[in-house]
Novice: 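First the structure, which I've put down as structure tokens, then a few questions once you've had a look.
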Amino acid sequence: MHQHIKRIAQSEGQEATLKGWVANIRESKTNLFIVLRDGTGFVQCVVGLDAVGEEQFEAAKKLTLESSLALTGNVVKDDRQIGGYELQANNVHIYQIAKEYPIAKKTHGEHGVRFLADKRHLWLRSKRQWAIMRVRNEIIMGIHEFFQSRDFIQMDAPIFTGNACEGTTTLFSTDFFGEEAFLSQSGQLYGEAMAMAQGLIYTFGPTFRAEKSDTPRHLAEFWMIEPEMAFYDNEMNMDLIEQFMKHVINRVIKNCTVELEALDRDVEKLARVNQEFPRVPYTEAVKILRGEQEVNGRNAIAVQEEDLANAKKGIEEKTADIAEREVQIKAGMKKGARKFSEAKIVVLRKEIAEMEEQVRNIPKWIESAKSFEDGEDFGGSDETVLTRVFDAPVMVYNWPTKIKAFYMKEVEGDPHHVKGVDLLAPEGYGEIIGGSERETDIDVLLKKIKEHDLPMQEFEWYLDLRRFGSVPHSGFGLGLERIVRWCCDLDHLRETIPFPRRYGRLFP
RNA sequence: GCCUCCAUAGCUCAGCUGGUUAGAGCGGCGGACUGUUAAUCCGUAGGUCCAAGGUUCAAGUCCUUGUGGGGGCGCCA
């Protein structure tokens, strides 16, 4: 039985066999240094000429990046190494010498995005992607742990649905034994039925949206978790959302230290989930967004103007830095210093490009925020502008009736607002949860279904839930990938799922 | 659908106001080096500068169109 790198400490001072792939390799006359990865972690292995003999040493010199092999040797503690251990090999078994590996060790830039997406099956091996997938797994475990420990039952909602309740433009159509069927875009209505049977339930399954949305926040296929709770009002719903987020994020912070470090994630910012989540009514959020109301002395518009000024200043400073370095390089430098300076210039140029994007975009965001009209839905940039004045995730509740779904319960005495709630993540990540207290009055539901121009007969079964023991109930839906993106501090959802399916991307 | 930035070696990128044989790092190959951590050093191969047209004595560089991509919106329980 071979040892997993993650558990290598158990073999300290003993002989162990590791099996994996070459993540990096360096060579000197009498030693080969192989950074081995096996999926559970990374460790440096030393293959010495004297230890393995000339034949194996010569064979090992042929190893290329991503070649597969088994190494046997002594596990030695060495604080200089990643993970604190090193394997000193006395036997090398090579499974395969890999062909020239297409993905560079260096990070890829803007033009590499397409290249890496095409090579997703290999890209998954890189340390960054490895870390993201492990955080994703931890989040999934945290979600199940949270609900299961609170007596929730996991239910599987159907993927094929016969009714096009939300209009066919956003649904993928497929053939179901000769009948037109659609791929599910939500399991909520089925979840409500199950909640009337089991009390507390949650769904965890794939969801499909046929929107042609080419943004960092949208996928055509993603995983959604939808709890539904009988006898919960929207206050209890918000309490649950807050406890839930705290539980999941704290579990990631606790169990994914290596992964978060590999991602260069600022864990302190993530740990702000332990603060109380501000709860802001929609009408107040509108005032904050427009800059008419401050939060803790922070003005949303002013924050954006500061960002803009900082970006402009940063571009000037970095441009001057580059110019100075170029003069020095031309004047002549030692080789090591020159290489360092050249590498630094590449980084500076990339940072300038990002800041130039900001300078182009922020004025548009400010304009959108200032001219926001009460009653509209927040756009992507509005969410960013709004959340920047808060440290913790924010819950915005009591939304305009006309922009929300038919099943949300009206606020008592205020038919223009419904008891919906959106959780907006900090650091500009925007909406990750949408939920509500559900309408219980069958007459109100009938009226709303007509107003939304939905096919009444398709909702007959759903209306039965209000005919037979209707109770107050609430629930919410969260996009798994959006939480992964936030936890890992990623620019785009395309990195949050092993094989993303989105507008313009079906392969590999 | 709209706005904006971009396309140079297998990969990441330089290439200034147009000017002679288009450069670097990584990766590949060959060699050097007693322990490296993006190792280092020496050598070497590797290019239809996205495509088509235009301006010019001269185009990787300027203009037009197209194609592809990045970013921001829109669409989006």
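In what follows, chains are A, B, ... by sequence order, proteins preceding strands, each numbered from 1.
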Novice: Between A:Val46 and A:Gly477, who's closer to the 5' end of RNA chain B by nearest nucleotide?
Specialist: A:Val46
Novice: For A:Gln88, answer base if it contacts any base atom (sugar-phosphate contacts may also be present), sugar-phosphate if it contacts only those atoms, and nothing otherwise; contact means non-hydrogen atoms under 4.0 Å.
Specialist: base
Novice: Looking across every strand, which nucleic acid part, if any, lies under 4.0 Å from A:Glu27 by heavy atom: base, sugar-phosphate, or nothing?
Specialist: base
Novice: Can you tell me if A:Ser28 touches the phosphate of B:G35, counting only side-chain N or O atoms and a distance under 4.0 Å to OP1 or OP2?
Specialist: yes
Novice: Check whether any side-chain nitrogen or oxygen of A:Asn24 sits under 4.0 Å from OP1 or OP2 of B:A39, and answer yes or no.
Specialist: yes
Novice: On the six-membered ring of A:Tyr397, is A:Lys419 placed so that its NZ or CZ lies under 6.0 angstrom from the centre and within 45° of the ring axis?
Specialist: no
Novice: Give the nucleotide from the list B:G35, B:G70, B:U37 with an atom nearest to the side chain of A:Val113.
Specialist: B:G70
Novice: Work out how far the C1' atom of B:U12 is from that of B:G69, and round it to whole angstrom.
Specialist: 16 Å
Novice: For nucleotides B:U65 and B:C5, find the distance between their P atoms and express it as a whole number of Å.
Specialist: 14 Å
Novice: Can you check the distance between B:C62 and B:A45, where both ends of the measurement are the C1' atom (answer in whole Å)?
Specialist: 34 Å
Novice: Can you tell me the pairing partner of B:A22 across any strand shown, Watson-Crick or G-U wobble, with both distances under 3.5 angstrom?
Specialist: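 Across all strands, not a single nucleotide pairs with B:A22.
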Novice: Apply the salt bridge (charged side-chain N to carboxylate O under 4.0 Å, His left out) test between A:Glu495 and each candidate in A:Arg128, A:Arg502, A:Arg120; give the one that qualifies.
Specialist: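 The option that passes is A:Arg128.
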Novice: Rounded off to whole Å, could you give me the CG-to-P distance for the A:Leu87 and B:U37 pair?
Specialist: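 Interatomic distance, CG of A:Leu87 to P of B:U37: 20 Å.
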Novice: Scan A:Asp78 against the nucleic acid and name what it touches under 4.0 Å (heavy atoms): base, sugar-phosphate only, or nothing.
Specialist: base
Novice: Which sits closer to the 5' end of RNA chain B, A:Arg502 or A:Phe378, going by the nucleotide each is nearest to?
Specialist: A:Arg502
Novice: Nearest of B:A14, B:G28, B:G71 to any side-chain atom of A:His492?
Specialist: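 Closest nucleotide to the A:His492 side chain: B:G71.
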Novice: Take the protein atom CG of A:Asp382 and the nucleotide atom C1' of B:G74, then report the distance between them rounded to whole Å.
Specialist: 12 Å
Novice: Rounded to whole angstrom, note down the P distance from B:G25 over to B:C2.
Specialist: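 Here B:G25 and B:C2 have their P atoms 43 Å from each other.
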Novice: Please determine, for the side chain of A:Gln81, which listed nucleotide (B:U37, B:G28, B:C76) has the closest atom?
Specialist: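 Of the options given, the side chain of A:Gln81 lies nearest B:U37.
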Novice: Which value, in whole Å, describes the distance between the P atoms of nucleotides B:U64 and B:C3?
Specialist: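 To the nearest whole Å, 15 Å.
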Novice: Could you tell me which non-hydrogen atom of A:Val359 sits nearest to which non-hydrogen atom of A:Ala311, and how far apart they are?
Specialist: CG2-CB, 3.9 Å
Novice: Between B:G74, B:C33, B:G35, which one does the side chain of A:Arg80 approach most closely?
Specialist: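 Nucleotide nearest to A:Arg80's side chain: B:G35.
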Novice: From NZ of A:Lys404 over to C1' of B:C76, roughly how many Å is that when rounded to an integer?
Specialist: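 Between C1' of B:C76 and NZ of A:Lys404: 12 Å.
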Novice: May I ask you to say what A:Gly48 touches in the nucleic acid, namely base, sugar-phosphate or nothing, with a heavy-atom cut-off under 4.0 Å?
Specialist: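 Since no nucleic acid heavy atom lies under 4.0 Å of A:Gly48, the category is nothing.
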Novice: Between A:Gln44 and A:Arg80, is there a side-chain donor-acceptor contact under 3.5 Å, judged purely by atom types and distance?
Specialist: no
Novice: Can you tell me the base-pairing partner of B:G46? Count Watson-Crick or G-U wobble geometry only, both distances below 3.5 Å, and say none if there is no partner.
Specialist: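 Check on B:G46: unpaired, no WC or wobble geometry under 3.5 Å.
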Novice: May I have the step-by-step check of ring-ring contact (aromatic ring centres under 6.0 Å, His included) for A:Phe378 and A:Tyr282, ending in yes or no?
Specialist: CA-CA 10 Å; A:Phe378 294 137; A:Tyr282 169 87; 5.6 Å; yes
Novice: Applying a 4.0 Å non-hydrogen cut-off, can you work out what A:Gln44 is touching in the nucleic acid: base, sugar-phosphate, or nothing?
Specialist: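 It contacts base atoms.
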Novice: For the side chain of A:Arg26, counting heavy atoms from C-beta on, which of B:G68, B:C3, B:U37 is nearest?
Specialist: B:U37
Novice: For B:U56 and B:G18, measure between their P atoms and round to the nearest Å.
Specialist: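 Straight-line distance between the two P atoms is 16 Å.
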Novice: Give the nucleotide from the list B:C5, B:C73, B:U36 with an atom nearest to the side chain of A:Glu86.
Specialist: B:U36
Novice: Looking only at side-chain atoms of A:Pro216, point me to the closest of B:G72, B:G15, B:U4.
Specialist: B:G72
Novice: Answer with base, sugar-phosphate or nothing: what part of the nucleic acid does A:Ser381 contact at a heavy-atom distance below 4.0 Å?
Specialist: sugar-phosphate
Novice: Does a side-chain N or O from A:Trp365 land closer than 4.0 Å to OP1 or OP2 of B:C73, or not?
Specialist: yes
Novice: Report which part of the nucleic acid A:Lys29 touches: base, sugar-phosphate, or nothing (heavy-atom distance under 4.0 Å, all strands).
Specialist: base
Novice: On a whole-Å scale, what distance lies between the C1' atoms belonging to B:U40 and B:U48?
Specialist: 36 Å
Novice: Is a side-chain donor or acceptor of A:Thr64 paired with a backbone partner of A:Ala98 at a separation under 3.5 angstrom?
Specialist: yes
Novice: Which whole number of Å gives the distance between the C1' atom of B:A7 and that of B:C50?
Specialist: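 Between the two C1' atoms, the distance is 6 Å.
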Novice: Taking any heavy-atom pair under 4.0 Å as a contact, classify A:Glu66: base, sugar-phosphate, or nothing.
Specialist: nothing
Novice: A:Arg494 side chain: which of B:G70, B:C73, B:C75 is closest?
Specialist: B:G70
Novice: Can you measure A:Met355 atom CE to B:C5 atom C1' for me and round it to whole angstrom units?
Specialist: 17 Å
Novice: Any sub-3.5 Å donor-acceptor pair from A:Thr40's side-chain atoms to A:Ile5's backbone N or O?
Specialist: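 A pair under 3.5 Å: yes.
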Novice: When both hydrogen-bonding distances must be under 3.5 Å and the geometry is Watson-Crick or G-U wobble, what is B:U40 paired with, if anything?
Specialist: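 Partner of B:U40: B:A32.
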Novice: Please state whether the phosphate of B:G69, meaning OP1 or OP2, lies under 4.0 angstrom from any side-chain nitrogen or oxygen of A:Arg114.
Specialist: yes
Novice: Nearest of B:A14, B:G71, B:C75 to any side-chain atom of A:Asn361?
Specialist: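 From the listed options, B:G71 comes nearest.
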Novice: Scan every strand shown for a Watson-Crick or G-U wobble partner of B:C2, both distances under 3.5 Å, and answer none if you come up empty.
Specialist: B:G72
Novice: Roughly, in whole Å, what's the span from CD1 in A:Ile362 to C1' in B:C3?
Specialist: 17 Å
Novice: Roughly, in whole Å, what's the span from CD1 in A:Ile34 to C1' in B:U37?
Specialist: 14 Å
Novice: Salt-bridge test for A:Lys364 and A:Glu367: reply yes if a basic N is under 4.0 Å from a carboxylate O, no otherwise.
Specialist: no
Novice: For A:Asp491 and B:G69, what is the distance between atoms CG and P respectively, to the nearest whole Å?
Specialist: 19 Å
Novice: Any idea which of B:G70, B:C11, B:U34 is nearest the A:Thr30 side chain?
Specialist: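 Out of B:G70, B:C11, B:U34, the nucleotide with an atom closest to A:Thr30's side chain is B:U34.
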Novice: Can you tell me if the side-chain N/O atoms of A:Arg217 get under 4.0 Å from OP1 or OP2 in B:G72?
Specialist: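 No, A:Arg217 has no side-chain N/O under 4.0 Å of OP1/OP2 on B:G72.
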Novice: Check this for me, if you would: do A:Asp118 and A:Arg505 make a salt bridge, where the nitrogen-to-carboxylate-oxygen distance has to be below 4.0 angstrom?
Specialist: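 Salt bridge between A:Asp118 and A:Arg505, a charged N being under 4.0 Å from a carboxylate O: yes.
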Novice: Between B:G71 and A:Glu354, counting only base atoms on the nucleotide and side-chain atoms on the residue, is there a donor-acceptor pair under 3.5 Å?
Specialist: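 Answer is no: no donor-acceptor pair is held.
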Novice: Does A:Tyr85 have A:Lys77 sitting over its ring (NZ/CZ under 6.0 Å from centre, angle to axis within 45°)?
Specialist: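 A:Lys77 over A:Tyr85 ring: yes.
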Novice: Using a 4.0 Å heavy-atom cut-off, does A:Gly420 contact any base of the nucleic acid, only the sugar-phosphate backbone, or nothing at all?
Specialist: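 A:Gly420: no heavy atom of the nucleic acid under 4.0 Å.
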Novice: Within the structure shown, what part of the strands sits under 4.0 Å from A:Asp214 by heavy-atom distance: base, sugar-phosphate, or nothing?
Specialist: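 Base contact.
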Novice: Without decimals, in angstroms, what is the distance between A:Lys364 NZ and B:G71 C1'?
Specialist: 9 Å
Novice: Can you tell me the pairing partner of B:G53 across any strand shown, Watson-Crick or G-U wobble, with both distances under 3.5 angstrom?
Specialist: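 Paired with B:G53, as far as the under-3.5 Å criterion goes, is B:C63.
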